[in-house]
Enquirer: 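Below you will find the structure I want to go over with you.
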2 protein chains.
Amino acid sequence: MRKISDSTVRRLSVYLRFLEQAKSPTISSGELARLGGTTSAQVRKDLSFFGSFGKRGLGYAVPELTRRIRDILGLERGYRVVLVGAGRMGGALVQYHGFRQRGFHITAIYDQDARKIGSRWNGLVVRDVKHLESDLKKDPSDIAIVATPAESAQQVVDRLVRSGVKAILNFAPVPLNVPPDVEVKTVNMALELETLSYSLANR
Amino acid sequence: MRKISDSTVRRLSVYLRFLEQAKSPTISSGELARLGGTTSAQVRKDLSFFGSFGKRGLGYAVPELTRRIRDILGLERGYRVVLVGAGRMGGALVQYHGFRQRGFHITAIYDQDARKIGSRWNGLVVRDVKHLESDLKKDPSDIAIVATPAESAQQVVDRLVRSGVKAILNFAPVPLNVPPDVEVKTVNMALELETLSYSLANR
DNA sequence: TCCGCATTGTGAACTATTTCACAATTGGCG
DNA sequence: CGCCAATTGTGAAATAGTTCACAATGCGGA
């Protein structure tokens, strides 16, 4: 498959959010662009990488386009997700409704800290991270969320990779090393604030 | 000032993190690149937009480069940050150590929900969001973090903008409309998972 | 002092992404 | 049925970002 840029994929995800809320049966690239904060040409270009879904003069049929984008993004299947790190961020993530809504089910939480192990989080019992490998052997997951301190992140990731995890959402503020067949997204909130600081400092 | 790309600014922020942990008195672009997950040419190019800080044959003096990057990013001054939305994400953010470490001080938390107003979060009392404007008049902030539900985000942002906030870190899953002199960064975690889903679906 | 090695700084080449602009359709209406 | 208005799909042009490659140092040692 032709290489699609990350920015295109992110925009598809944004379009999808608005398609799901759309009231009218059709929508134009211009309207999607307005909602998603981009341009109509960009919307059409993004979609054109995957096929031609619209009707000239009319726009896109909302239900069809919704289905196509879900399909492109691979959201039809639903994912089991394990979370490592039951700190504050982990806690927020476990409860975050957006994940479940989108078909991402957190099925286990792990931590190292004896004080956290055994406690309940949103119906899940925090397990000792030493069970990570054996649990994943029984119930594999494609996706893991890493919300550990920076120091332990790489080590946890190595274990996840060995256990067959293929995609990692990383909240620890370090770049992670993984083999090329594993995908990592790092979310670093301090870094986001720093880009804001930069824009304040340079105006 | 010459327009600097967002990706360059983000990488500077990554370099800074490693410079602060560096042990040796100098560091080469190659080493910074290795740590930050990029290439040495990229490191040198990024830095070259702002001046020439290195010594040929030797590399960069860690303390000086650290200082220069902090300065470029505008981190020397320290920021007051207000947080709107005392939900789970807000709670995680308030406690997040990375912010304070970097000079971002959360000075107030607001919510709409009577059950949350008055409760203490990490030493701060959650205030009724109706006081937002008057509080900001007394104690202005340049930066706000919005962690409200999607529905109220735009309305909160309008009020923040009217109260002089110039930069917003947005955790609500909607693009926000702001005047051109206000900067917004949106962090959307479901979207990050969706890009992972895409990469799993297309291999 | 002079040589050789390491490493920067930077144009130029390359690659990627966005924007433009317009022909091709579609549906509605007279 | 034929025309008009709306809107897509897409090459081509423009812009932006990354990588290359090499001359220009600066230092340490003979």
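All values below were derived from every heavy atom in this structure, side-chain atoms included, with hydrogens, water molecules and symmetry-related copies excluded. Within every chain, numbering begins at 1; the chains are lettered A, B, ... in the order of the sequence lines, protein sequences first and strands thereafter. Remember, it's a predicted structure, so these values are computed and weren't measured experimentally.
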Enquirer: Report the residues that fulfil side-chain contact (heavy atoms from CB on, under 4.5 Å) with Pro179(A), sequence neighbours left out, ordered by chain and then residue number.
Expert: Val161(A), Asp181(A), Val182(A)
Enquirer: Can a side chain N or O of Tyr60(A) be found less than 4.0 Å away from OP1 or OP2 on dG9(D)?
Expert: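 Checking dG9(D) against Tyr60(A), a side-chain N or O does come within under 4.0 Å of OP1 or OP2.
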Enquirer: Is any NZ, NE, NH1 or NH2 atom of the basic residue among Arg159(B) and Glu133(B) found under 4.0 Å from an Asp or Glu carboxylate oxygen of the other?
Expert: yes
Enquirer: Would you mind telling me which residue lines up with the more 5' stretch of DNA chain C, Ser48(B) or Gln42(A), judged by nearest nucleotide?
Expert: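 Its nucleotide being nearer the 5' end, the pick is Ser48(B).
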Enquirer: Is Thr39(A) touching bases, backbone alone, or none of the nucleic acid, heavy atoms closer than 4.0 Å?
Expert: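 Touches sugar-phosphate only.
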Enquirer: Can you measure Leu47(A) atom CG to dT8(D) atom P for me and round it to whole angstrom units?
Expert: 9 Å
Enquirer: Within this structure, what is the CZ-to-C1' distance between Arg10(B) and dA16(D), rounded to whole angstrom?
Expert: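 Going from Arg10(B) (CZ) to dA16(D) (C1'), I get 17 Å.
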Enquirer: Using atom types as modelled, flag every donor-acceptor pair under 3.5 Å from a side chain in residues 168-176 of chain B to any protein atom, sequence neighbours excluded.
Expert:
residue: Asn170(B); atom: OD1; partner: Ala172(B); partner atom: N; Å: 2.8
residue: Asn170(B); atom: ND2; partner: Ala172(B); partner atom: O; Å: 3.0
residue: Asn170(B); atom: ND2; partner: Val174(B); partner atom: O; Å: 3.0
residue: Asn170(B); atom: ND2; partner: Thr186(B); partner atom: OG1; Å: 3.0

Enquirer: Can you list the residues that meet the side-chain hydrogen bond (donor to acceptor under 3.5 Å, both in side chains) rule with Asp128(A), with sequence neighbours excluded?
Expert: none
Enquirer: Taking protein heavy atoms under 4.0 Å as touching, what does nucleotides 21-30 of chain D look like 5' to 3' if B marks base contact, S marks sugar-phosphate-only contact and - marks none?
Expert: B-BBBSS---
Enquirer: Hey, can you pull the donor-acceptor pairs under 3.5 Å for the side chains in residues 54-63 of chain A, sequence neighbours left out?
Expert:
none

Enquirer: Between Ser7(B) and Phe53(A), who's closer to the 5' end of DNA chain D by nearest nucleotide?
Expert: Phe53(A)
Enquirer: How many whole angstroms separate atom CG of Leu65(B) from atom C1' of dT8(C)?
Expert: 12 Å
Enquirer: Check the surroundings of atom CD in Glu31(A): do more than 12 heavy atoms from other residues, nucleotides or ligands lie under 6.0 Å from it?
Expert: yes
Enquirer: Distance-only check: which donor-acceptor pairs under 3.5 Å involve side-chain atoms of residues 19-26 of chain B, not counting sequence neighbours?
Expert:
residue: Glu20(B); atom: OE1; partner: Arg102(B); partner atom: NH2; Å: 3.3
residue: Glu20(B); atom: OE2; partner: Arg70(B); partner atom: NH1; Å: 2.4
residue: Ser24(B); atom: OG; partner: Thr26(B); partner atom: O; Å: 3.1

Enquirer: Could you list all the salt bridge (charged side-chain N to carboxylate O under 4.0 Å, His left out) pairs where at least one residue sits in residues 40-51 of chain A, not counting sequence neighbours?
Expert: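 Output for this query lists Arg11(A)-Asp46(A).
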Enquirer: What is the separation between atom CZ on Phe50(A) and atom P on dT8(D), rounded to the nearest whole Å?
Expert: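 In whole Å, dT8(D) P lies 18 Å from Phe50(A) CZ.
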Enquirer: Name all residues meeting the salt bridge (charged side-chain N to carboxylate O under 4.0 Å, His left out) criterion together with Arg120(B); count only those two or more places apart in sequence or in a different chain, and write none if there are none.
Expert: none
Enquirer: Salt bridge check: are Asp6(B) and Arg10(B) linked by an N-O gap of less than 4.0 Å?
Expert: yes
Enquirer: Taking CG from Leu32(A) and P from dG9(D), how many angstroms apart are they, rounded to a whole number?
Expert: 12 Å
Enquirer: Sequence neighbours excluded, which residues qualify as side-chain hydrogen bond (donor to acceptor under 3.5 Å, both in side chains) partners of Tyr96(A)?
Expert: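 Partners of Tyr96(A) under the side-chain hydrogen bond (donor to acceptor under 3.5 Å, both in side chains) test: none.
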Enquirer: Nucleotides 11-15 of chain D: which of its N/O atoms have a protein N/O under 3.5 Å away?
Expert:
residue: dG11(D); atom: N7; partner: Lys45(A); partner atom: NZ; Å: 3.4
residue: dG11(D); atom: O6; partner: Lys45(A); partner atom: NZ; Å: 3.4

Enquirer: Round to a whole Å and report the spacing from CG of Asp6(A) to P of dT18(C).
Expert: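 About 10 Å, once rounded to whole Å.
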Enquirer: Is there a residue in residues 11-31 of chain B whose heavy atoms reach under 4.0 Å of DNA chain C, and which residues are they?
Expert: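 Within residues 11-31 of chain B, the residues near DNA chain C are Ser28(B), Ser29(B).
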Enquirer: Roughly how many Å is it from CD1 in Ile4(B) to P in dG17(D), rounded to a whole number?
Expert: 10 Å
Enquirer: Return no unless some side-chain N or O of Ser52(A) is found under 4.0 Å from OP1 or OP2 of dT8(D).
Expert: no
Enquirer: Who passes side-chain contact (heavy atoms from CB on, under 4.5 Å) against Val14(B), sequence neighbours left out?
Expert: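 Residues passing side-chain contact (heavy atoms from CB on, under 4.5 Å) with Val14(B): Leu191(A), Phe18(B).
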